[in-house]
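Remember, it's 1-based here, ligands and their atoms both numbered in the order they're listed.
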Amino acid sequence: MPKKFSDFVYTSHMIELPITQINVLPGFIDLGMGNPDFDLLPIELLRQSAEAYFTTSDPRYLQYGMEQGDGFFRCALANFLTKAYGTHVNPDLLFVTTGASSAIDLLCTLYTRPGDVIFVEEPSYFLALQIFADHALRVVPISMDGDGLRIDVLEEKLVEYRPKFIYIIPTFQNPSGRTLLQARREKLVELAQRDDFLIVADEAYQFLPYTQAKPGSFAVHTEDVRQVISVNSFSKILAPGLRLGWIQAHSVVIKRLADSGLLQSGGGMNPYTSALVRDLIESGELEKNITSLKKEYTSRLEAMDSALRQYLPLVEYTLPQGGFFFWVHLPGVDATELRRKAQEFKVDFRQGVLFSSQMGMQDYLRLSFCFYDPEAIEEAVKRLGDCLENKKPGDDIGSLAED
Ligand SMILES: Cc1ncc(COP(=O)(O)O)c(C=O)c1O
């Protein structure tokens with residue numbers, strides 16, 4: 001069911017203080033939300049591991065941590081990744097972060113200067129584009145097709161530019177849901193070595209496939225190839241509020257990260273939280289959590305697919321195989337205008353132009369299926385269908401969301 005507004009704020013003495021980034025107006029269903037549902041956050045698991053931690057009275061994880069991240073945590077994570085990737089992962093090539101966003105930001109700090117050229121997929125994750133803007137980078141888009149980044153376009157751009165890095169989301173991309181074809185991955189690694197630019201592969205959705213498809217990770221190259229950096233996070237497989245993630249990269253990159261001023265001054269990025277999460281990895285709870293998330297998200301994905309077929313039969317999309325998003329094409333429709341109109345129907349989404357570094361993708365919508373249950377997803381898509389058909393907003397709109 002849609003959430004109550006009171007879920008998102010702490011009300012005290014008649015003032016409302018936001019606790020989360022979530023800001024959905026009463027009665028609205030916001031299919032723009034790219035974060036996990038409150039009901040899927042593992043509060044009980046974290047309570048148990050925090051309780052176990054505090055009964056040991058071990059103060060070391062409250063100290064400044066080792067720059068690269070606690071060794072025991074990195075070993076547990078390496079074992080988990082070895083099993084998931086089917087290839088040995090060396091804990092020395094792992095670096096603990098406070099999530100994918102901080103990893104991307106730190107990589108920009110260390111490997112770029114204002115005005116440098118970087119390449120991104122078109123479309124790309126809009127908040128990464130904001131990080132690149134913070135660093136005053138010159139963003140050059142590389143177009144995609146159904147199989148991900150177009151290598152032919154990349155090769156053309158490489159004649160013109162010397163990028164510091166290319167930022168890609170190779171698996172179940174945000175926003176398009178697309179996955180980069182294996183042969184293209186290999187070619188990309190070859191080009192990065194040839195022209196010496198970094199590949200920053202943001203693999204935030206790597207562990208959320210909903211079909212048999214099990215795409216490989218760029219991490220498999222990191223032992224030998226200095227240019228490949230795999231960025232990952234616990235935000236989508238445990239909880240964003242943990243602010244915990246990791247980088248897997250060649251030893252030269254790991255050393256550069258650990259030697260940075262930020263790490264030298266502050267120590268390892270998240271020693272206390274990584275100690276709690278280590279417990280969940282070693283006990284097998286992380287794996288169980290991923291299994292149950294995949295089951296839940298599969299049913300939400302199916303609900304969105306069937307609602308789109310029923311209420312928006314004319315839209316174009318490819319069924320996502322994993323991740324959080326449907327990337328819906330409405331040829332000729334201005335999605336920004338549609339979003340404005342959708343407010344009357346108390347439904348929201350994100351317009352494609354947000355994900356474009358060149359004001360393109362105007363007639364695309366990103367619809368997320370992660371934050372609401374199937375019933376609310378169906379209701380939201382129905383409202384969107386009514387909006388597109390220029391029906392009058394129904395009198396009953398809003399009642400579902402406020403119950
Ligand atoms: C592709 C991608 N990268 C990074 C993030 C943010 O990750 P984190 O919470 O680990 O900073 C998101 C969240 O939506 C995402 O979709």
- Item | Atoms of ligand 1, numbered as shown, that sit under 4.0 Å from any heavy atom of Ser233 | 8 (P), 10 (O)
- Number the atoms of ligand 1 from 1 as they appear, then name those within less than 4.0 Å of a heavy atom of Lys236, with their elements. 12 (C), 13 (C), 14 (O)
- Message: Checking the N or O distance criterion of under 3.5 Å, is ligand 1 in contact with Arg243?
- Response: yes
- Query: Tell me, which protein residue and heavy-atom name are nearest atom 16 (O) of ligand 1, and how many Å apart are they?
  - Reply: Tyr205 OH, 2.6 Å
- Distance from atom 2 (C) of ligand 1 to nearest protein heavy atom, with residue and atom: Asp202 OD2, 3.4 Å
- Item | Among Phe132, Phe119, Phe197, Tyr111, ring-ring contact (aromatic ring centres under 6.0 Å, His included) partner for Phe165 | Phe132
- More than 12 heavy atoms of other residues, nucleotides or ligands under 6.0 Å from CZ of Arg47: is that the case? yes
- Message: In this structure, does ligand 1 have an atom that sits under 4.0 Å from one of the heavy atoms of Phe324?
- Response: no
- Message: Using the side chain to side chain contact (heavy atoms under 4.5 Å, CB included) definition, which of the options Leu93, Leu94, Asn79 pairs with Arg74?
- Response: Leu94
- Quick one: which of Ala100, Ser235, Ala103, Ser101 has a heavy atom closest to atom 9 (O) of ligand 1? Ser235
- Message: Is the distance between the ring centroids of Phe172 and Phe324 under 6.0 Å?
- Response: no
- Message: Would Ser217 and Gln206 count as a side-chain hydrogen bond (donor to acceptor under 3.5 Å, both in side chains) here? Give the steps.
- Response: CA-CA 7 Å; Ser217 163; Gln206 181 71 29; 4.8 Å; no
- Query: Does the side chain of Tyr372 pick up a donor-acceptor pair with the side chain of Asp30 at under 3.5 Å?
  - Reply: no
